[in-house]
Amino acid sequence: MPKGDNVSFFDLVFEVVRLIPPGRVSSYGAIASYLGSGKSSRMVGWAMNSASSAILNVPAHRVVNRNGLLTGKAHFNPPEMMQKLLENEGMTIENDQIKNFKAVFWDPNIELRL
DNA sequence: GAGGTGACTGCGA
DNA sequence: CTCGCAGCCACCT
């Protein structure tokens with residue numbers, strides 16, 4: 001039971017991930033950086049792991065590593081679902097890597113910059 | 001309470 | 001170009 005923490009680091013991650021528009025993807029580092037911890041990219045990964053238990057729907061398949069590689073696909077059920085969802089949004093995946101990744105990359109630091 | 005792990009990233013050799 | 005190491009923080013045993 002958290003003490004006074006209504007929202008956790010995870011909740012912030014979920015919110016950012018939910019803001020990712022269809023046909024776009026983001027990276028762990030970008031989200032971590034947006035939250036103020038560029039080195040805490042691992043926590044974003046853990047947040048995604050917790051996303052499976054999240055009440056709200058979290059499009060974790062839109063979150064990939066810096067290289068556009070589907071590093072977390074193995075954590076999906078089934079794993080191939082991640083690639084399928086991305087392809088369903090009009091993206092091309094080859095060898096677990098997003099083609100033209102730079103074009104579909106969605107950076108919260110840029111899109112959500114105030 | 002302490003140690004190990006992990007859906008990552010950046011820099012150095 | 002590829003390979004290896006260190007930093008980061010929360011969760012699990």
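Just so it is clear, the model here is predicted, and its values are computed rather than measured. In what follows, chains are A, B, ... by sequence order, proteins preceding strands, each numbered from 1. Computed from heavy atoms alone, side chains included, the values below leave out hydrogens, waters and symmetry copies.
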With B for base contact, S for sugar-phosphate-only contact and - for none (protein heavy atoms under 4.0 Å), nucleotides 8-13 of chain C reads BBS---

Between A:Phe105 and A:Arg24, does the side-chain contact (heavy atoms from CB on, under 4.5 Å) criterion hold? Intermediate values first, please. CA-CA 6 Å; A:Phe105 179 64; A:Arg24 303 289 183 129; over 6 Å; no

Could you please spell out the steps behind the salt bridge (Lys or Arg N to Asp or Glu O under 4.0 Å) verdict for A:Glu89 and A:Arg62?
CA-CA 10 Å; A:Glu89 298 195 354; A:Arg62 293 184 187 153; 2.8 Å; yes

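The distance between atom CZ of A:Phe76 and atom P of B:dA7, rounded to the nearest whole Å, is 13 Å. Atom CD1 of A:Ile20 is separated from atom C1' of B:dA7 by 13 Å (rounded to the nearest Å). Atom pair A:Ile98:CD1 and B:dA7:P shows a separation of 18 Å (rounding to whole Å applied). Rounded to a whole Å, the CZ atom of A:Arg62 is 17 Å from the C1' atom of B:dA7. In this structure, NE2 of A:His75 is placed 12 Å from C1' of B:dT5, rounded to the nearest angstrom.
Using cut-offs of 30° and 60° on the angle between ring planes, the pair A:Phe10 and A:Phe14 is perpendicular.
With A:Ser26 contributing its side chain and A:Trp106 its backbone, the two residues share a donor-acceptor pair below 3.5 Å.
If you check every strand for non-hydrogen atoms under 4.0 Å, A:Asn65 touches sugar and phosphate atoms only.
One hydrophobic cluster, built from ILVMFWY side chains closer than 4.5 Å, holds both A:Leu70 and A:Val25.
Contact check for A:Ser27 versus A:Val63: no side-chain heavy atoms found under the 4.5 Å cut-off.
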